[in-house]
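What you see is a predicted model, and the numbers here were worked out from it, not measured in a lab.
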Amino acid sequence: MSEQSSGDLGRRGLISTGLAAVASTALSAPAFAYDGASADRAAAKTSTSVPDDELLGYSLPLSARGTANIVSAPPWHYAGTVVGVEFWTSPEAAERALAAGLTSDPETAGHGYALFIDWQFSGNDREYLDPVRSQYAEFLVLLDARWEGAPVTWCPFIYVDNDAALARGWFQGFPKKLGAIHQTRAFPVSSQAAPVVGEGGVFAASASVAGHRLADAQVTLREPTSTLPALSRPIVNLRHFPRLTAGQYDNPAVHELTQSILDNPRVAETWTGTGTLRFPQVPGEELADLQIVRTGAGFRGSLSYTVTDLRILTGPDA
């Protein structure tokens with residue numbers, strides 16, 4: 001199996017320019033600089049925000065031993081298989097899907113990717129040995145955008161089938177909802193029951209929510225590639241936690257743009273080719289509002305990275 005490492009990006013490396021380099025814009029650099037005063041303030045806040053005798057855990061539910069929380073503290077390690085399709089919607093539809101503070105990219109307006117991923121997760125205790133908890137599937141859309149003039153990608157919709165993955169996404173700003181996601185599997189043994197990971201191999205993927213088909217994709221592999229084309233820009237999300245206080249529903253407790261930081265990203269067995277994609281209308285969903293004008297590359301490959309940090313772009317903690 002061929003593998004491309006991006007260790008030269010450094011521990012705080014971002015997937016950018018096809019895993020080749022850290023973004024040269026000011027978007028990424030400030031996230032890595034050590035600010036002693038800020039660190040001291042953060043430490044002071046941490047030391048006083050939780051009572052000394054509080055129950056233990058990184059996330060709810062806190063408990064006596066601290067092992068019942070839905071998400072344990074980072075590092076969070078991920079490895080997965082991606083089936084994706086490049087697509088274009090209208091520039092107007094893409095712009096309507098952007099959060100405040102982001103602008104449409106004038107050079108690629110309407111361009112995006114649909115990604116279906118089979119993930120395996122672990123912390124530092126080989127959580128992958130509990131596959132019921134560590135394995136999950138995901139479907140997401142990424143749209144080209146700009147943040148203060150720098151090219152980024154924005155995630156308007158994302159679905160998972162695992163509660164811990166849902167929570168980790170909300171902590172980072174991914175707007176995750178529960179869904180059912182599937183993709184064609186490949187196996188090292190030759191069989192008419194599976195496609196070949198190579199020229200002519202055909203893979204399909206689908207996502208459903210609340211019993212309705214949300215997205216369909218099909219990819220035909222043509223040639224190997226050194227990266228996954230959807231990973232050429234830093235991902236920007238929106239962390240939003242509302243208040244349940246009468247008169248304060250429009251004044252959220254947290255509302256801030258964030259930038260994902262991916263440590264040690266790697267890809268392997270990446271292939272590109274052609275793809276088809278469909279977003280059916282679904283009650284209570286708006287994915288189909290990104291009406292597909294045309295599709296471009298289809299692709300498949302494996303991806304891994306670790307999450308230990310997050311950059312806050314707007315709000316009081318920026």
Side-chain angles (χ1 to χ4, degrees), residues 1-9 13 15 18-20 75-86 113-140 142 158-162 164-165 168 179-208 215-232 262-277 295-307:
M1 179 179 72
S2 62
E3 179 176 296
Q4 178 185 1
S5 171
S6 57
D8 57 326
L9 300 188
I15 290 184
L19 286 169
W76 301 333
H77 307 289
Y78 299 87
T81 300
V82 183
V83 172
V85 176
E86 179 184 31
Y113 293 98
L115 305 176
F116 305 79
I117 311 177
D118 276 342
W119 283 118
Q120 184 159 286
F121 163 85
S122 184
N124 278 345
D125 295 322
R126 297 199 299 175
E127 283 84 352
Y128 56 79
L129 295 179
D130 187 2
V132 173
R133 294 178 182 270
S134 66
Q135 294 177 1
Y136 68 98
E138 183 169 76
F139 165 69
L140 70 154
L142 299 175
I158 180 170
Y159 302 81
V160 294
D161 60 5
N162 174 286
R168 286 193 301 269
I181 303 94
H182 301 277
Q183 65 171 259
T184 303
R185 295 172 179 170
F187 300 90
V189 63
S190 177
S191 172
Q192 294 186 27
V196 63
V197 181
E199 184 177 359
V202 182
F203 292 80
S206 67
S208 301
D216 288 300
Q218 186 167 298
V219 170
T220 301
L221 307 183
R222 298 301 186 201
E223 59 186 4
T225 181
S226 61
T227 188
L228 291 169
L231 304 177
S232 61
L262 311 181
D263 297 347
N264 196 27
R266 299 172 183 265
V267 297
E269 290 190 351
T270 50
W271 283 75
T272 187
T274 59
T276 62
L277 183 64
T295 58
F299 49 91
R300 182 186 186 274
S302 294
L303 167 69
S304 71
Y305 58 81
T306 295
V307 171

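- Checking side-chain atoms of Thr184 against main-chain N and O of Ala204 turns up a donor-acceptor pair under 3.5 Å.
- A cation-pi arrangement is present between Arg168 and Phe121, with the terminal nitrogen or guanidinium carbon under 6.0 Å from the aromatic centre and inside a 45° cone about the axis.
- Annotation: side chain to side chain contact (heavy atoms under 4.5 Å, CB included) contacts of Pro224 (sequence neighbours excluded): Trp271.
- With sequence neighbours excluded, the residues that form a side chain to side chain contact (heavy atoms under 4.5 Å, CB included) with Gln218 are Val202, Thr276.
- The two residues Leu277 and Ala114 make their nearest non-hydrogen contact at CD2-CB, 3.7 Å.
- The line from CZ of Phe139 to CZ of Phe116 is 4.5 Å long, rounded to the nearest 0.5 Å.
- When all heavy atoms are compared, the tightest approach of Arg300 to Ala186 is NH2-CB, 3.8 Å.
- For the atom pair CH2 (Trp119) and CD1 (Ile181), the distance works out to 13.0 Å, reported to the nearest 0.5 Å.
- With sequence neighbours left out, Val160 forms a side chain to side chain contact (heavy atoms under 4.5 Å, CB included) with Tyr136, Glu138, Ala165, Leu166, Lys176.
- For the pair Ala217 and Val85, the tightest heavy-atom approach, listed with the atom from each and the gap, is CB-CG2, 3.9 Å.
- Minimum heavy-atom separation, Pro229 to Tyr113: O-OH, 3.2 Å.
- When the side chain to side chain contact (heavy atoms under 4.5 Å, CB included) test is applied to Ser206, the partners found at least two apart in sequence or on another chain are His182, Arg213, Asp216.
- Here the straight-line distance linking atom CG of Leu142 with atom CD of Glu86 works out to 12.0 Å at 0.5 Å rounding.
- Partners of Gln183 according to the side chain to side chain donor-acceptor pair (under 3.5 Å) rule, which considers only residues two or more places apart in sequence or in another chain, do not exist here.
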Exercise for review: Determine, step by step, whether Phe203 and Val197 satisfy the side chain to side chain contact (heavy atoms under 4.5 Å, CB included) criterion, reporting the C-alpha distance in whole Å, the side-chain angles of both residues, the deciding distance to 0.1 Å, and the verdict.
Suggested key: CA-CA 9 Å; Phe203 292 80; Val197 181; 4.0 Å; yes

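- Annotation: side chain to side chain donor-acceptor pair (under 3.5 Å) contacts of Glu127 (sequence neighbours excluded): Ser122.
- The shortest non-hydrogen separation linking Val83 to Ala205 is CG1-CB, 4.2 Å.
- With rounding to the nearest 0.5 angstrom, the CG atom of Leu231 is 8.5 Å from the CG atom of Leu262.
- A donor-acceptor contact shorter than 3.5 Å links the side chain of Thr295 to the backbone of Gly275.
- Taking CG of Asp130 as the start and CD of Gln135 as the end, the distance is 9.5 Å to the nearest 0.5 Å.
- One finds the CG atom of Leu115 at 5.0 Å from the CZ atom of Phe299 (value rounded to the nearest 0.5 Å).
- Contact detail for Pro75 and Asn124: the closest heavy-atom pair is CG-ND2, 3.3 Å.
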Practice item. Evaluate the side chain to side chain contact (heavy atoms under 4.5 Å, CB included) criterion for residues Leu221 and Val196: first the C-alpha distance (whole Å), next the side-chain angles of each, then the deciding distance (0.1 Å), finally the verdict. Key: CA-CA 9 Å; Leu221 307 183; Val196 63; over 6 Å; no

Point to revise | Residue pair Arg222, Thr272: steps toward the side chain to side chain contact (heavy atoms under 4.5 Å, CB included) verdict | key: CA-CA 6 Å; Arg222 298 301 186 201; Thr272 187; 5.9 Å; no

